[in-house]
Amino acid sequence: MTPNSRVSWRAALILLATLSSSALAHTEVTSVTPASRSVVAAPRTVTLTFSEPVELRFSTFRVMAVPAGKTPSVAAALALDAKADPARLASLPLTGGASLAARVSLPLKPGLKAGPYVIAWKILSEDGHPVTGYSTFRLK
């Protein structure tokens with residue numbers, strides 16, 4: 001093997017590794033409004049932006065007040081499981097006919113009380129893997 005062929009093999013392996021890792025990358029939430037751990041006056045919506053469009057029919061988005069004595073991660077799990085109890089949620093159902101979106105705005109109920117809230121999501125990544133996460137904010 002000549003020195004030049006070693007360099008080309010290394011370059012090919014690096015290129016292959018880069019392409020493979022980007023092809024396997026999961027969809028991510030790239031920004032959330034209100035920002036994580038921010039203290040805000042009552043917003044009308046919560047907005048999530050993704051690294052790529054997500055299939056909305058296979059995704060779940062919820063906003064809920066963090067119950068007393070619960071951690072944000074526990075509250076996020078409760079919010080995602082609250083399908084049968086919309087009274088517990090601070091968010092309203094998504095409206096509109098879009099099936100694919102790179103940004104989602106969740107309307108919030110009016111008159112929310114001051115305190116901590118969790119924004120929870122579960123999306124289906126383009127590669128078929130579910131991606132779950134949460135962010136928190138506090139209402140003044």
Side-chain angles (χ1 to χ4, degrees):
M1 206 180 266
T2 68
N4 285 341
S5 64
R6 277 188 236 147
V7 170
S8 63
W9 275 103
R10 285 183 188 161
L13 287 173
I14 291 170
L15 179 62
L16 181 61
T18 303
L19 292 174
S20 296
S21 66
S22 65
L24 297 175
H26 298 308
T27 303
E28 296 178 5
V29 173
T30 57
S31 72
V32 179
T33 304
S36 184
R37 293 176 289 216
S38 62
V39 178
V40 298
R44 291 184 181 182
T45 61
V46 165
T47 303
L48 294 100
T49 305
F50 309 100
S51 58
E52 61 190 20
V54 297
E55 186 68 52
L56 297 179
R57 64 184 171 174
F58 300 121
S59 302
T60 303
F61 308 99
R62 304 278 189 264
V63 179
M64 186 175 90
V66 176
K70 303 290 184 193
T71 64
S73 62
V74 169
L78 291 171
L80 290 172
D81 289 339
K83 296 174 186 139
D85 189 7
R88 293 179 68 186
L89 300 175
S91 54
L92 297 168
L94 283 176
T95 58
S99 62
L100 202 61
R103 179 178 285 174
V104 171
S105 290
L106 296 168
L108 298 179
K109 293 177 180 177
L112 297 176
K113 296 180 181 178
Y117 285 79
V118 64
I119 306 163
W121 59 85
K122 183 175 183 179
I123 57 177
L124 188 62
S125 194
E126 189 174 352
D127 65 1
H129 288 91
V131 177
T132 304
Y134 69 90
S135 180
T136 60
F137 66 96
R138 180 176 288 277
L139 287 184
K140 296 180 192 183

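Because the structure is predicted, anything quoted here is derived from the model rather than measured.
Trp121 and Ser135 make their closest contact through CZ3-N, 3.7 Å (heavy atoms, listed as atom of the first residue, atom of the second, distance). The two atoms that bring Leu80 and Thr132 nearest to each other are CD1-CG2, 3.7 Å, heavy atoms only.
By the criterion of side-chain heavy atoms lying less than 4.5 angstrom apart, applied directly or through intervening Ile, Leu, Val, Met, Phe, Trp or Tyr residues, Leu94 is grouped together with Tyr117 in one hydrophobic cluster. Put simply, Val66 and Leu108 are part of two different groups of oily side chains (I, L, V, M, F, W, Y) that touch within less than 4.5 Å, one to the next.
Leu124 CG to Glu55 CD: the interatomic distance, rounded to the nearest 0.5 Å, is 8.5 Å. In this structure, CG on Leu48 lies 6.0 Å from CD1 on Ile119, to the nearest 0.5 angstrom. The structure places OG1 of Thr60 at 7.0 Å from NZ of Lys122, a figure rounded to the nearest 0.5 Å. Phe50 CZ to Leu100 CG: the interatomic distance, rounded to the nearest 0.5 Å, is 10.5 Å.
Taking the side chain as every heavy atom from C-beta outward, Val46 and Pro34 approach each other to under 4.5 Å. With contacts defined as side-chain heavy-atom distances shorter than 4.5 Å, the pair Tyr134/Pro72 qualifies.
Looking at Thr33 and Thr47, their side chains never bring a donor and an acceptor atom within 3.5 Å of each other. With no hydrogens or angles considered, no side-chain donor-acceptor pair links Arg37 and Thr136 at under 3.5 Å.
By the salt bridge (Lys or Arg N to Asp or Glu O under 4.0 Å) test, Glu28 is found to be paired with no residue, residues two or more places apart in sequence or in another chain being considered.
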